[in-house]
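Source: prediction; values computed, not measured. Residue numbers run from 1 in the order of the sequence given.
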Amino acid sequence: MKPLSAAYYVKENKGRSTIVIFLLFMTTLLFLAGNYVDSVYYYWDRYEEYTDKLCVVSALSTDENFEEFAAVYRDLAADEKLIVQKRTPRGTQGLSWICTMGFEMGTASVVFDSPEDLKEAFDVLGIRGDVSGMENGTVCISTALAKQYGLRKGDILDASIQEGFKGSYKIAALIEDDSYIVFYVIPYEGVPLRLNVLSRELSGQALRDYVNAIVAGRKAEVDHVATEMIEKQFSPFKLIFGVGMVLLSLVLAVIVNSVITGQYMARTYEFGVYRAIGLSKGAIYAKVAGELLLTDFLAILCGGVLTVVFTFLMNELFYLPKGQFLPYYSNMGMMAFLVSNALVVVPTILLKGRSMSRSDVTEF
């Protein structure tokens, strides 16, 4: 191992390096914090996925006798690319749940006119599970949602389960898809005023654009992609986290820089000798960068292992039994870590590299 190498310094200065590694390890905690924040989105993942393939078309109240909507229904049903199911226009409820961060989340529900419609939609949506027991007036929920309320197949959903819940529905099926949606089967007799529209060929905005083209300005409304609603709802939440992440990173950067400054000040003579024997300023920068990047790598390695172990234990022992989940990875967590790590490491390399490259042995 070469005396001028970064690995040599880390090996011979384990105490100093351990302090720096610990401080840099703290940037990985922001990855974990980002995972907690992003876990809020996890509960909506399935809803977003399903509504990407299923859109709801509703009649407008301005449509007298709903004659225009009846024409919309006929046109949609005649299109070979679409699967059109009528559904009750009456509003239905989901079940509130407690997310991983400990606060109550909103709810979602999807309604079908018959068990056959539900099975057809589940096939298109890719939902797997035994729904053979579904019949009129029953509901289907996920096992994750059932765990939150301590519910089982055959139990009744009513006001005794959630305050303000309207109606009474038997839980006829449990599915293992981790969604937090209540799927109803409620038959409706009469002129259809709301439709479920699915397709095996189209999804997302392409499906909605296709349906909108058929509606063609008539008195009917096509719902928006769920992603838009979810992003709008959580944008302020993400902004608050982003600002907090930057502020914490700056504080951590000041702390790390202060500690490392003391260490490198004690090595000023050492770097003066390097300059005296002919090392260029570029070589000094490279040595400082190598030492800090190596300690940063070791901090990330330790932090990554501990984060995975912590997440696994929390999920298995605490969250999953309650129908909750902490993701092992999230884009928000990775962004938080990368920004934090860069704010700490890059300025430190530049400042310490600049300082050490100016060391002069004749000053001692």
Are Leu313 and Met101 co-members of a hydrophobic cluster defined by side-chain heavy atoms under 4.5 Å apart? yes

Measuring centre to centre across the rings, with the benzene-like ring taken for any Trp, is [X] within less than 6.0 Å of [Y]?
X: Phe312; Y: Tyr328; result: no
X: Phe271; Y: Tyr274; result: yes
X: Trp44; Y: Tyr47; result: yes
X: Phe325; Y: Tyr42; result: yes

Looking only at heavy atoms, what is the nearest atom pair of Pro187 and Gly137, with distance? CD-N, 4.5 Å

Quick one: closest heavy-atom pair of Leu125 and Glu49, and the distance? O-OE2, 4.3 Å

I'd like to know if the side chain of Tyr43 pairs up with that of Gln324 as donor and acceptor (distance under 3.5 Å, no hydrogens or angles considered). no

Just wondering, do Tyr41 and Ser330 contact through their side chains at under 4.5 Å, heavy atoms? no

Qualifying residue, where the test is side chain to side chain contact (heavy atoms under 4.5 Å, CB included) with Gln85 and the options are Leu54, Leu198, Val111, Asp113: Leu198

The side chain to side chain contact (heavy atoms under 4.5 Å, CB included) partner of Val211 among Ile214, Asp209, Leu207 is Leu207

Relative to Phe318, does Lys322 satisfy both conditions: NZ or CZ under 6.0 angstrom from the six-membered ring centre, and within 45 degrees of the ring's axis? yes

Arg354 atom CZ: more than 12 heavy-atom contacts under 6.0 Å: no

Using a cut-off of 6.0 Å, state whether more than 12 heavy atoms not belonging to Glu80 lie near its atom CD. no

Tell me which donor-acceptor pairs under 3.5 Å the side chains of residues 163-176 have, and how far apart each pair is, sequence neighbours excluded?
residue	atom	partner	partner atom	Å
Tyr169	OH	Arg90	NH2	3.3
Glu176	OE1	Thr143	OG1	3.0

Are Arg267 and Glu291 ion-paired here, with the side-chain N under 4.0 Å from a carboxylate O? yes

Residues Lys119 and Glu116 bridged, charged N to O under 4.0 Å: no

If hydrophobic residues (ILVMFWY) are linked whenever their side-chain heavy atoms come closer than 4.5 Å, directly or via other members, who joins Leu239 in its cluster? Val243, Leu247

Under 3.5 Å, side-chain donor or acceptor atoms of residues 299-311 against the rest of the protein: list the pairs with distances, not counting sequence neighbours.
residue	atom	partner	partner atom	Å
Thr307	OG1	Gly303	O	2.7
Thr311	OG1	Thr307	O	2.7

